[in-house]
Amino acid sequence: MTEVSGEDLSNRLATRAVHAGKIADPLAGAVMTPIYQTSTYVQEGLGRHKGYEYARTRNPTREALERNVAALEGGRHGFAFGSGLGALDAVMKLLSAGDHVVCGENVYGGTHRQMTHIWARLGLAFTFVDTADPQRIVDAVTPATRMIFVETPTNPLMRLCDLAATGAIARRAQALFVVDNTFATPCFQRPIEHGADVVLHSTTKYLNGHSDMVGGLLVVQRGDLAERIGFIQNASGAVPGPFDCWLALRGTKTLALRMRQHDASGRRIAQWLEAHPRVERVYYPGLPSHPQHALACRQMSGFGGMVSLELGTLERARRFVERTKIFALAESLGGVESLVGHPASMTHASVPREMREAMGLTDSLVRLSIGIEDVEDLIADLDQALA
Ligand SMILES: *Cc1c(COP(=O)(O)O)cnc(C)c1O
């Protein structure tokens, strides 16, 4: 179990991003946390060691990452996993057969798939609701509800969930409140401040930010939850290797800087797309036309680089994604490079068609992950692809 120090929490976000969680290197005084590429540690005698016995349980590079992200989220304990879905797997193991979960209906496709294909088979029950409306969450809570799981903004429709209101509902229901903060990142939204018990990240996305590793992370505040998740992390064993932890740690150092650019370009491109005659609708919480713009301004300090657009027909969507030159057609998001995706056939293909259509995730919807390239070049690329 990795605990954040008071010193890690004393600075503002951009400073925490660079420094929080660093470990001292007694051998050479390395400024950057070394990659502890080892599976085990020498013990001085029976039961006498430096606290490190075996690397599934503890690894100094992993601990530096866990402390760093926990400090960014304003939490006390961090737990790294081999992927975002590995982190989800661990958080679901806090529950037992018979427990009920209220979950957002347009959460990440892989989250929906794990819940419905694995956890439902093992005895958990789920109700998927539109978490943009707190009343729908209240209505879905049953005496068996032990967890409320939300993503905000959602992927790819950018619907928001009122974190403070949902936190209050979870407390009344005595249910764990879990928030997937992958899209907003702690730069723009800190769910723990709004009552979240667990914050989940796919570090694969903005936290690492360079599209060169896959990882997940959980952050919690409460000691009892930290004990249980630490046990699950070690007992289930879905831990990341030290090199991937080091890459993610290298990524988080520039998080504040990168997010500023993703946000500035995201706002600019969303506005430009909204004024374009070939674009039927733009989904971006930073646009005044977004139905929850006021909530976005209340609980987020920036809106990031994820923008979705409605092009009207599958044929137009296909032409668009095949014609962009800087925006590469690929799954994933949150890297320095711009990507374009078609949620219905890519990230959300595992969500049943009826459910996709009911929530407005059409075959003609395209999702952009705006990178940190020059925004004029990005706009020119989108312009030629729409022509
Ligand atoms: C990618 C993603 C996940 C899953 O993370 P992996 O690292 O791919 O396992 C979960 N939630 C959101 C919002 C994501 O974008």
Side-chain angles (χ1 to χ4, degrees), residues 62 65 69 73 78-93 101 103-119 128 131 147 149-161 163 178-189 191 196 198-219 233 236 238-241 244-245 247-248 251-252 255 259 262 266 283 285 300 303-308 330-335 339-343 346-351 359 361 367-371:
R62 191 175 91 213
L65 172 67
V69 178
E73 285 288 356
F79 303 90
F81 296 89
S83 68
L85 290 182
L88 176 71
D89 178 273
V91 91
M92 298 311 292
K93 285 173 179 162
V101 179
C103 182
E105 68 177 2
N106 72 344
V107 289
Y108 179 72
T111 297
H112 184 268
R113 179 178 55 200
Q114 187 182 114
M115 288 177 172
T116 54
H117 285 68
I118 297 180
W119 297 110
F128 294 93
T131 48
M147 180 184 289
F149 186 104
V150 308
E151 216 173 274
T152 180
T154 62
N155 171 18
L157 292 165
M158 311 295 160
R159 292 211 185 120
L160 268 53
C161 169
L163 290 172
V178 183
V179 179
D180 181 335
N181 203 29
T182 300
F183 262 44
T185 83
C187 275
F188 296 144
Q189 172 172 283
V198 183
V199 176
L200 183 147
H201 276 283
S202 167
T203 50
T204 315
K205 317 293 169 55
Y206 284 112
L207 291 189
N208 174 62
H210 294 74
S211 304
D212 52 14
M213 54 74 77
V214 171
L217 220 129
L218 298 176
V219 176
Q233 183 193 39
S236 284
V239 294
D244 282 348
C245 292
L247 281 172
T252 58
L255 182 68
M259 292 314 292
H262 287 300
Y283 298 86
M300 304 175 77
F303 311 108
M306 298 305 298
V307 180
S308 295
E331 303 226 5
S332 201
L333 61 106
L339 299 178
V340 58
H342 181 246
M346 296 165 72
T347 48
H348 286 64
S350 61
V351 179
M359 62 195 177
L361 202 170
R367 192 189 76 181
L368 303 176
S369 173
I370 314 284

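Note that the numbering runs from 1 along the sequence shown for the chain. Atoms within each ligand, like the ligands themselves, are counted from 1 in listed order.
Formation of a donor-acceptor pair under 3.5 Å by the E151 side chain with backbone atoms of Y108 is found in this model. Under the 3.5 Å distance criterion, the side-chain polar atoms of S83 are matched with a main-chain donor or acceptor of G86. Although no hydrogens or angles enter the test, the distance criterion places no donor-acceptor pair under 3.5 Å between the side chain of E105 and the main chain of M359.
A cation-pi geometry, defined here as NZ or CZ lying under 6.0 Å from the six-membered ring centre and within 45° of its normal, does not hold between K93 and F81.
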N/O to N/O under 3.5 Å, ligand 1 against protein:
unit_1, atom_1, unit_2, atom_2, d
ligand 1, 5 (O), S202, OG, 3.0
ligand 1, 7 (O), G84, N, 2.8
ligand 1, 7 (O), S202, OG, 2.8
ligand 1, 7 (O), T204, OG1, 2.8
ligand 1, 9 (O), G84, N, 3.0
ligand 1, 9 (O), L85, N, 2.8
ligand 1, 11 (N), D180, OD2, 2.6
ligand 1, 15 (O), K205, NZ, 2.7

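Residues forming a salt bridge (charged side-chain N to carboxylate O under 4.0 Å, His left out) with R367 (at least two apart in sequence, or on another chain): none.
Counting only heavy atoms from C-beta outward, the side chains of M306 and K205 never approach each other to under 4.5 Å.
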